[in-house]
Amino acid sequence: MPTDPHPEYHDPDAPDTLYATKPPWDIDRPQPAFAALAESGALRGRVLDLGCGTGEHALLAARLGLDATGIDQSAQALDLARAKAAERGLKATFRRHNALDLSTLGEIFDTVLDCGLFHLFEGDARTALVSGLTAIVNPGGRYFLLGFSDRQPGDWGPHRLSRTDIESAFPTTDWHLDSLDPATLDINPTPVPVAAWLAALTRR
């Protein structure tokens, strides 16, 4: 099995082809699971929207008055995110950056939101993502992962995560798995949400 099934993610130009037409994950609103986290008060401090796309989750945090940053490889998506922020009168920072090289961001965060990025990676790439998260999340900070679940029938779409995939990815010396619950992930064009996992982890 290849360690990185999405090598195109590292091509600085290729991600923009994802937005030539509206991609399935760009639903023009926060995912319900993350909206519920916001309502519960779980988003705190400096917030990073990892693989932010057109910025809905960074803007969700900004709407709460939090210091919000979104990163993505797609310049086109980031332009759309900035336009949304301006239209809504919200302040958020959007940067073009590789999520597999988080340690070079030069910033530390209290909350990281990951909608549909972790499930793109396996092997060494997944290890690099977790290592980067460990470097940029404050002790006591939290990482919320919403990813495609192995409970979803069929073989279309990204890698389906198992509980073991998530549990084994985070060294217990650095992370505590607070919860790992079935959830849903809304996508276009189908009106039916797909099966997902929602994981909450705390940086030790």
Side-chain angles (χ1 to χ4, degrees), residues 25 27 29-53 55-72 81 90-95 97-121 125-149 158 161-186 193 195-204:
W25 57 85
I27 62 171
R29 56 182 169 81
Q31 287 290 334
F34 282 176
L37 287 175
E39 290 175 10
S40 74
L43 310 190
R44 300 174 185 172
R46 301 197 68 230
V47 178
L48 175 65
D49 182 2
L50 190 62
C52 66
E56 288 294 340
H57 298 122
L59 296 176
L60 173 68
R63 196 165 66 238
L64 297 173
L66 300 172
D67 182 338
T69 296
I71 64 166
D72 203 281
L90 296 171
K91 183 180 179 181
T93 300
F94 293 100
R95 295 176 56 182
H97 195 87
N98 188 340
L100 299 186
D101 194 18
L102 291 175
S103 63
T104 64
L105 263 176
E107 299 187 58
I108 301 295
F109 298 90
D110 303 293
T111 304
V112 177
L113 300 175
D114 176 346
C115 177
L117 188 68
F118 181 90
H119 67 206
L120 294 180
F121 303 120
R126 185 178 293 172
T127 299
L129 177 62
V130 173
S131 177
L133 287 166
T134 303
I136 66 163
V137 177
N138 265 321
R142 304 188 78 193
Y143 169 61
F144 296 99
L145 182 166
L146 184 65
F148 230 61
S149 168
L161 296 170
S162 68
R163 293 185 69 96
T164 300
D165 286 334
I166 297 169
E167 291 169 343
S168 64
F170 294 86
T172 57
T173 52
D174 298 319
W175 294 92
H176 178 265
L177 180 61
D178 304 320
S179 60
L180 179 55
D181 299 312
T184 57
L185 187 62
D186 287 359
W197 291 111
L198 177 63
L201 297 105
T202 298
R203 176 75 166 89
R204 294 187 187 276

Indicate yes or no: at least one non-hydrogen side-chain atom of Phe94 is less than 4.5 angstrom from one of Ile71. no
So does Thr164 get a backbone contact from the side chain of Ser168, meaning a donor-acceptor N/O pair under 3.5 Å? yes
Answer whether the closest heavy-atom distance between the side chains of Trp197 and Asp181 falls below 4.5 Å. no
Please name the residue in the list Val137, Leu48, Asn138 that meets the side-chain contact (heavy atoms from CB on, under 4.5 Å) test with Ile108. Asn138
What pair of heavy atoms forms the shortest contact from Ala68 to Ala62, and how long is it? CB-N, 4.0 Å
Side chain to side chain contact (heavy atoms under 4.5 Å, CB included) between Ile166 and Leu180, worked out: CA-CA 9 Å; Ile166 297 169; Leu180 179 55; 3.7 Å; yes
Residues at least two apart in sequence or cross-chain that pass side chain to side chain donor-acceptor pair (under 3.5 Å) with Arg95, listed by chain then number, are Glu107
Donor-acceptor pair, distance only, cut-off 3.5 Å: does the side chain of His57 make one with the backbone of Gln31? yes
Output yes when Asp110 and Arg46 qualify as a salt bridge under the 4.0 Å nitrogen-oxygen rule, no when they do not. no
Is it true that Arg29 and Asp186 have a side-chain N and a carboxylate O under 4.0 angstrom from each other? yes
Taking all non-hydrogen atoms of both residues into account, name the closest pair between Ala125 and Leu100 and its distance. O-CD2, 3.4 Å
Using 0.5 Å steps for rounding, measure from the SG atom of Cys52 to the CG atom of Leu113. 11.0 Å
At their closest point, which heavy atom of Thr111 faces which heavy atom of Ala42, and how far apart are they? OG1-O, 4.3 Å
Intermediate values then yes/no, side chain to side chain contact (heavy atoms under 4.5 Å, CB included), Phe34 and Leu146: CA-CA 8 Å; Phe34 282 176; Leu146 184 65; 3.8 Å; yes
Closest heavy-atom contact between Leu66 and Leu43? CD1-O, 3.5 Å
Going by heavy atoms in the side chains, are Phe148 and Leu161 under 4.5 Å from each other? no
If you compare all heavy atoms of Arg126 against all heavy atoms of Phe121, which two are closest, and at what distance to 0.1 Å? NH2-O, 2.8 Å
Go through the steps for Glu56 and Asp49 under the test side chain to side chain contact (heavy atoms under 4.5 Å, CB included), then give the verdict. CA-CA 9 Å; Glu56 288 294 340; Asp49 182 2; over 6 Å; no
I'd like to know if the side chain of Asp72 reaches the main chain of Gly53, judged simply by a donor and an acceptor atom lying under 3.5 Å from each other, with no hydrogens or angles considered. yes
Does one side chain, of Ser149 or His119, offer a donor that lies under 3.5 Å from an acceptor on the other? no
Side chain of Ser40, backbone of Leu37: donor and acceptor closer than 3.5 Å? yes
Is any side-chain heavy atom of Thr69 less than 4.5 Å from a side-chain heavy atom of Val47? no
What verdict does the side-chain hydrogen bond (donor to acceptor under 3.5 Å, both in side chains) test give for Trp175 and Thr202, after you've listed the backbone C-alpha separation in whole Å, the side-chain angles of each residue and the deciding distance to 0.1 Å? CA-CA 6 Å; Trp175 294 92; Thr202 298; over 6 Å; no
Heavy-atom closest pair (Leu117 atom, Ala99 atom, distance to 0.1 Å) is CD2-CB, 3.5 Å
Can you measure from CD1 (Ile27) to CH2 (Trp25) and round to the nearest 0.5 angstrom? 12.5 Å
Could you grab the distance from atom OH of Tyr143 to atom CG of Leu133, nearest 0.5 Å is fine? 5.5 Å
Between Arg203 and Arg142, does the side chain to side chain contact (heavy atoms under 4.5 Å, CB included) criterion hold? Intermediate values first, please. CA-CA 6 Å; Arg203 176 75 166 89; Arg142 304 188 78 193; over 6 Å; no
Can you tell if the side chain of Leu50 reaches within under 4.5 Å of the side chain of Cys115, non-hydrogen atoms only? no
